[in-house]
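Structure first, commentary second.
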There are 2 protein chains.
Amino acid sequence: MAAPWKERELQRREEEILRVARQLLLDHGYFGMTMDRIAAGIEYSKGTLYQHFASKEDVLCALALESEVKRKEFFERAAQFSGNARERMTAIGAAYELYFRLHPTYFRSEQMIHSQELLTKISQERRDQVMVCGARCHELMTGIIADAQTARQLHLPGGMTPGTLAFILWSLTSGAYLNMADPGHLEQMGVVNAIEAVRMACQTLLDGLGWRPLSSEHDYFAVASRAYAEIFPKETAEVFLAANR
Amino acid sequence: MAAPWKERELQRREEEILRVARQLLLDHGYFGMTMDRIAAGIEYSKGTLYQHFASKEDVLCALALESEVKRKEFFERAAQFSGNARERMTAIGAAYELYFRLHPTYFRSEQMIHSQELLTKISQERRDQVMVCGARCHELMTGIIADAQTARQLHLPGGMTPGTLAFILWSLTSGAYLNMADPGHLEQMGVVNAIEAVRMACQTLLDGLGWRPLSSEHDYFAVASRAYAEIFPKETAEVFLAANR
DNA sequence: GAAATAATTTGACGATCCGTCAAAACTCGC
DNA sequence: GCGAGTTTTGACGGATCGTCAAATTATTTC
């Protein structure tokens with residue numbers, strides 16, 4: 001036991017389970033993703049399924065975790081973008097954009113597990129991992145904001161900490177993306193290009209805070225484009241291919 | 001049949017059902033709110049339940065609708081606040097705040113029904129009503145923004161329509177409130193007073209857009225307080241009583 | 001290589017819940 | 001008090017989750 005190849009066999013099987021589960025979630029939604037169907041999709045039985053995951057919610061959480069990890073990686077790459085603090089924050093915004101465009105369905109499953117309804121049926125370990133991912137994303141943003149303060153490019157008003165600003169930017173973006181998932185909602189509101197609107201809103205907010213250089217002094221849309229091209233060339237191509245299909 | 005008193009009897013029963021359902025949702029969550037338990041709570045059987053609601057999701061939607069109606073009413077009252085456009089928008093913000101503080105649980109059920117997962121199992125009529133409420137709220141905000149444009153207090157940048165700005169403010173606020181529902185999330189992010197942070201963020205955003213009078217020229221926190229006192233005196237007292245309990 | 005032992009897999013099963021529907025209970029005009 | 005029409009009921013079918021004793025497979029021992 002504990003043979004090295006066995007570990008890998010388990011790993012492989014777990015990936016297979018998640019692959020099937022994700023497809024089911026995609027095609028038939030949360031209620032359509034049943035444990036029996038997943039078991040039918042892999043060549044193992046339901047019992048074996050439960051050796052990998054504590055519950056159906058745990059499977060969902062594992063899917064969400066994959067998303068969170070991916071986003072975290074996007075954020076980490078974006079945080080290394082070359083440029084001043086506000087440019088790097090813009091790159092983070094681009095990363096979130098791209099993540100959302102590439103994985104709109106992951107995004108949904110992610111939101112689900114945050115509804116403490118499901119939280120109780122999830123294994124502690126996985127829950128912690130999700131938390132760590134979220135914390136890391138937040139930390140990256142907070143760090144950039146702190147850098148801007150150090151560089152005297154940003155002076156936050158009293159009572160607003162870097163963590164709070166990160167929370168706000170996060171909320172604005174995720175809230176908007178969540179509303180976008182609502183079909184027909186945007187049309188009803190007369191919103192044409194929601195992603196661009198979010199971009200603009202974030203920049204306007206930062207302008208309002210006086211984060212230098214202001215967007216009147218610097219073309220942050222160009223910065224975002226550069227971030228796309230330099231940090232995420234492959235993913236950007238993917239998005240455009242998907243869009244023109 | 002169709003006797004006037006009978007109509008009222010049906011109405012009364014429906015309210016009773018929703019009262020019981022809401023308590024169950026509050027105490028035991030979505031999965032704990034079973035149709036059998038609701039039936040046990042009222043003095044009718046499950047079959048009768050299904051004469052009022054098409055499905056369990058329909059019950060949930062009805063609960064969410066009650067919330068949406070309440071919020072819509074809050075918004076309508078706030079929109080009549082005396083003052084310039086930005087002051088009225090601030091009053092809308094106060095209304096949303098108050099709504100969230102008074103009905104944090106309603107807020108959750110509301111979010112649920114937007115996850116098109118459930119949408120299919122909801123009666124068309126109720127779905128429409130929810131849509132109408134949302135549209136009305138959005139319309140009120142859009143109207144105020146348009147007023148500001150007419151009064152030349154606001155000049156939106158190219159590509160940003162009043163509807164888009166309303167969408168952004170809405171997303172920022174609801175996104176933040178949604179994150180607040182996540183227990184432990186705020187602490188981890190180092191956010192002390194999230195509601196105040198949202199307020200500040202909205203004002204900063206409007207400042208960034210140059211919506212006159214700017215917050216440097218006008219104390220919008222005082223305006224919010226006035227809105228609380230003038231439009232929602234009773235509800236404000238409720239919130240403070242609940243907070244100091 | 002065979003037998004004994006340990007680990008793993010299986011799928012039938014209990015429990016729960018949703019939504020239905022035939023039968024029972026009830027209403028109301030006569 | 002009777003009977004047609006209406007409303008209510010709760011047992012039931014179907015679906016799903018998670019379990020667990022039995023079956024199968026792997027590993028060790030002799």
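Every chain is numbered from 1, with letters handed out A, B, ... down the list of sequences.
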How close or far is atom [atom2] of [N] from atom [atom1] of [X], stated in whole angstroms?
X: B:Glu43; N: D:dT9; atom1: CD; atom2: P; result: 9 Å
X: B:Met35; N: D:dT9; atom1: CE; atom2: C1'; result: 15 Å
X: A:Phe53; N: C:dT9; atom1: CZ; atom2: C1'; result: 17 Å
X: A:Leu49; N: C:dT8; atom1: CG; atom2: P; result: 16 Å
X: B:Met33; N: C:dC17; atom1: CE; atom2: C1'; result: 13 Å
X: B:Ile38; N: C:dG19; atom1: CD1; atom2: P; result: 11 Å
X: A:His28; N: D:dA15; atom1: NE2; atom2: P; result: 15 Å

Considering just the side-chain nitrogens and oxygens of [X], establish if one lies under 4.0 Å of OP1 or OP2 belonging to [N].
X: B:Thr48; N: D:dT9; value: yes
X: A:Arg13; N: C:dT8; value: no
X: A:Lys56; N: D:dC17; value: yes
X: A:Tyr50; N: D:dG18; value: yes
X: A:Gln51; N: C:dT9; value: yes
X: B:Lys121; N: C:dG19; value: yes

Quick one: pull up CG in B:Asp27 and CE in B:Met33 and give me the separation to the nearest 0.5 Å.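 If I round to the nearest 0.5 Å, the distance is 12.5 Å.
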
Roughly how far, to the nearest 0.5 Å, is the CG atom of B:Asn193 from the OG1 atom of A:Thr164? 9.0 Å

Side chain of [X], heavy atoms from C-beta onward: which of [options] has the nearest atom to it?
X: B:Ser55; options: C:dG19, C:dA12, C:dT10; answer: C:dG19
X: A:Lys46; options: C:dC17, D:dT19, D:dT8; answer: D:dT19
X: A:Tyr44; options: C:dC17, C:dT9, D:dC17; answer: C:dT9

A:Arg126 and A:Gln129 side chains, donor-acceptor separation under 3.5 Å: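 The criterion, which ignores hydrogens and geometry beyond distance, is not satisfied for A:Arg126 and A:Gln129.
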
Salt bridge flag under 4.0 Å for residues B:Lys70 and B:Glu235: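 Salt bridge absent between B:Lys70 and B:Glu235.
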
Where each residue is assigned the nucleotide of DNA chain C containing its nearest heavy atom, which of B:Gly47 and B:Phe31 is assigned the position nearer the 5′ end?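 Nearest nucleotide further toward 5': that of B:Phe31.
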
B:Tyr99 and B:Glu73: CA distance, side-chain angles, deciding distance, side chain to side chain donor-acceptor pair (under 3.5 Å) verdict: CA-CA 10 Å; B:Tyr99 165 77; B:Glu73 287 167 358; over 6 Å; no

